[in-house]
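Data block below; observations after.
Just so you know, these numbers use all the heavy atoms, side chains as well, and skip hydrogens, waters and symmetry mates.
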Amino acid sequence: MTRFAGVRSIAQGFTQGIARGLVVPLLLAGAAAPAPALAQSADLVLCDRIAADPADPDKPSGVRGVADIAPADIETAIRYCRTAAGSSRRALYALGRAYAANGQSADAIAAFRKAADKGSSSAMVELGVAYATGAGVAKDDGRARQLFERAADAGNPRGVSNLAALGGGTTSDPGKTRALLAKGAETNAEAQYQLGMMLAEGVGGPKDDVAARTLFEKASAQGHAGALERMGAFAQAGRGGPQDTAAAKGFYEKAAALGNSDAAAALKRADCPFVIKDKQGKLVSNLCF
């Protein structure tokens, strides 16, 4: 199953997580700021506090992130982010998140589109997810790929991991893809999985089974089905670490429970090790005794 990295997006019922934090308005020492500037700064502070995305590269370092926006805060987030959005692209992106959390898909798409036009790489990712899944817009993989590529070129790790998850290649420079995925892999399971695959296959740089296994293990701990399947395969073969048949079966079972067909097939092969092949040597069936 294709998974797209980042915050819970419009493709997931418009119930994405919101960040909570605080920024302090900058005032010139000894000078009184005009009233509109004060009002705008206050709006942005409140918008950041209840609607900023913890993974947004535009987010100031002083803003702390939280997993989800409280339902009681959604209306407030929309109000203050909408006012702050006039002069802040991160507020415009946060407004899209607030609309998404409120189930206002058309408004969320419009806000993400405007923020992306202003250079918000996080908005590009969310808009790309919408096109990749057909949530709120007509499904368009080509448009999704363009948006993910723009986000990736801007240095957004989620843009890279989503581009990889979309399939058919990542950026035109595999080495660059590795570097960007490495940034996303610090916290993101999909980025860990995609980087692990590149390391395991030697794409964009040297092959490194040990590092790949470490990344798969990290992603597995976050419930990534593909990484769990790869951990099963690596443990079964003793690739990148010790061979452990029992552990391999456990990884396969967890991956299969999450709907991974490769893991389910691996479990079947383990229970039915004898195979029937055709004249060309292709697998026809497994035999169980």
Closest heavy-atom pair and its distance - A108, G96: CB-O, 3.5 Å

Approximate separation, where rounding is to 0.5 Å, of C81 SG and D43 CG: 9.0 Å

L258 vs L228 side-chain heavy atoms within contact, under 4.5 Å: yes

F112 and Y93 aromatic ring geometry - parallel, tilted or perpendicular at 30°/60° bounds: tilted

Under the side chain to side chain donor-acceptor pair (under 3.5 Å) test, residues paired with Y252 that sit two or more places apart: Q236

Side-chain donor/acceptor of R150 to backbone N/O of A116, under 3.5 Å: yes

Lys/Arg-Asp/Glu bridge criterion (N-O < 4.0 Å) met for E186, K218: no

Spacing of Y193 atom OH and Q222 atom CD [to the nearest 0.5 Å]: 14.5 Å

Expected output: side-chain Q194 to main-chain S161 donor-acceptor under 3.5 Å: no

Gap separating the NZ atom of K118 from the OG atom of S88, nearest 0.5 angstrom: 10.0 Å

Nearest atoms (heavy-atom pairs only) where I74 meets A98: CG2-O, 3.8 Å

Side-chain donor-acceptor contact under 3.5 Å, N188 with E190: no

Can you list, pair by pair, the side-chain donor-acceptor contacts under 3.5 Å of residues 137-144, counting residues two or more places apart and other chains?
residue	atom	partner	partner atom	Å
K139	NZ	A132	O	3.4
K139	NZ	D141	OD1	3.0
D140	OD1	G142	N	3.1
D140	OD1	R143	N	3.0
R143	NH1	Q146	OE1	3.3

Note, R158 side chain near F148 side chain (heavy atom, < 4.5 Å): no

Minimum heavy-atom distance between G204 and P174, given as atom pair plus value: CA-CB, 3.4 Å

Whether N102 side chain and Q104 backbone form a donor-acceptor pair below 3.5 Å: no

Cluster overlap Y80 with Y99, hydrophobic side-chain contacts below 4.5 Å: no

Close side-chain approach of S122 to D58, heavy-atom, < 4.5 Å: no

Nearest non-hydrogen partners of A263 and A255, listed with the distance: CB-CB, 3.5 Å

Pairing residues for E253 by the side-chain contact (heavy atoms from CB on, under 4.5 Å) criterion, not counting sequence neighbours: K249, L267

Gap between atom CZ of R79 and atom OG1 of T83 - 0.5 Å precision: 8.5 Å

Test item: R178 side-chain N/O and G205 main-chain N/O as donor-acceptor pair under 3.5 Å: yes

Close side-chain approach of L95 to I78, heavy-atom, < 4.5 Å: yes

Where A248 and G232 come nearest, the two heavy atoms and their spacing: CB-O, 3.2 Å

Minimum heavy-atom distance between G196 and A212, given as atom pair plus value: O-CB, 3.4 Å

Donor-acceptor under 3.5 Å (R90 side chain, D53 main chain): no

Side chain to side chain, K254 and M231, heavy atoms closer than 4.5 Å: no

Side-chain heavy atoms of R97 within contact of E126, under 4.5 Å: no

Nearest-0.5 Å distance that lies between atom CG in N260 and atom NE2 in H224: 9.5 Å

Donor-acceptor under 3.5 Å (R213 side chain, R239 main chain): yes

Between OG on residue S61 and NZ on residue K59, distance to nearest 0.5 Å: 7.0 Å

Same apolar cluster: L46 and L92, side chain cutoff 4.5 Å: no

ILVMFWY cluster, L195 and V210 together (side-chain gap under 4.5 Å): no

